[in-house]
Amino acid sequence: MTYPEPDINQRIWQIVALIPRGKVATYGDVAAQAGMPGAARRVGRALKHLPRDTRIPWHRVVNAQGRISLAEGSAGQYTQRERLEAEGIAFQPNGRINLREFRAFSAAG
DNA sequence: ACCCTGACTTATT
DNA sequence: CAATAAGCCAGGG
């Protein structure tokens with residue numbers, strides 16, 4: 001069976017591992033930090049590839065709107081929110097995270 | 001090769 | 001703020 005570029009996934013996971021506790025990064029941020037600006041979707045795919053028992057803090061990756069991209073009501077969505085709140089990340093009433101406050105990598109790098 | 005789909009993003013209406 | 005459109009990269013039928 002064909003294998004989806006393992007090196008790329010490794011690089012993406014490495015960047016995600018750099019997001020400090022209590023902070024988040026957008027898919028676009030991770031892609032840019034990994035040296036592939038514009039490849040936000042690629043990041044999502046890499047995360048989906050993660051083994052269940054990984055220690056990579058995948059939950060610290062949210063979309064550009066400061067929202068969780070996993071399906072509403074899904075187990076993953078619930079887990080992600082629980083973990084983020086446990087790290088002290090606050091969700092606004094509209095379900096969004098204030099990126100100005102919790103973003104790990106600034107747009108300027 | 002063609003087309004649809006997705007843990008995405010930005011701009012426009 | 002919601003709906004559209006267009007750009008983006010790659011997997012799978």
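To find a chain, count down the sequence lines: A is the first, B the second, and so on, and within it residues start at 1.
dC8(C) and dT5(B) are spaced 14 Å apart, taking the C1' atom of each and rounding to whole Å. Spacing of C1' atoms, dA1(B) relative to dG13(C), comes out at 13 Å, to the nearest Å.
The OH atom of Y78(A) sits 20 Å away from the C1' atom of dA7(B) (whole-angstrom rounding). Look at CZ on R96(A): it is 13 Å from P on dT9(B), rounded to the nearest Å. For the pair R11(A) CZ and dC9(C) P, the interatomic distance rounds to 15 Å; values are reported in whole Å. Atom P of nucleotide dC8(B) and atom CD1 of I12(A) are separated by 13 Å, given to the nearest angstrom. A straight line from CZ of R52(A) to C1' of dA7(B) spans 16 Å, rounded to a whole angstrom. The distance from atom NZ of K48(A) to atom C1' of dG11(C) is 10 Å, rounded to the nearest whole Å. Atom CD of Q65(A) is separated from atom C1' of dT9(B) by 9 Å (rounded to the nearest Å). The NE2-P distance, from H49(A) to dC9(C), rounds to 18 Å in whole Å.
At least one donor-acceptor pair under 3.5 Å links the side chain of R11(A) to the backbone N or O of A34(A).
The side chain of R42(A) lies closest to dA10(C), out of dA10(C), dC8(C), dA7(B). Picking from dC9(C), dA7(B), dC8(B) the nucleotide with the shortest atom distance to the side chain of A39(A) gives dC9(C). In the set dC1(C), dT9(B), dG7(C), the nucleotide with an atom closest to the side chain of R41(A) is dG7(C).
Side-chain N/O atoms of R42(A) and N9(A) include a donor and acceptor closer than 3.5 Å.
Side-chain contact between K23(A) and R60(A) is absent, with no heavy-atom pair separated by less than 4.5 Å. At least one side-chain heavy atom of V62(A) sits under 4.5 Å from a side-chain heavy atom of Q80(A). Side-chain contact between V61(A) and V16(A) is present, with heavy atoms from C-beta onward closer than 4.5 Å.
Taking side-chain N and O atoms only, N63(A) has no distance below 4.0 Å to OP1 or OP2 of dA7(B).
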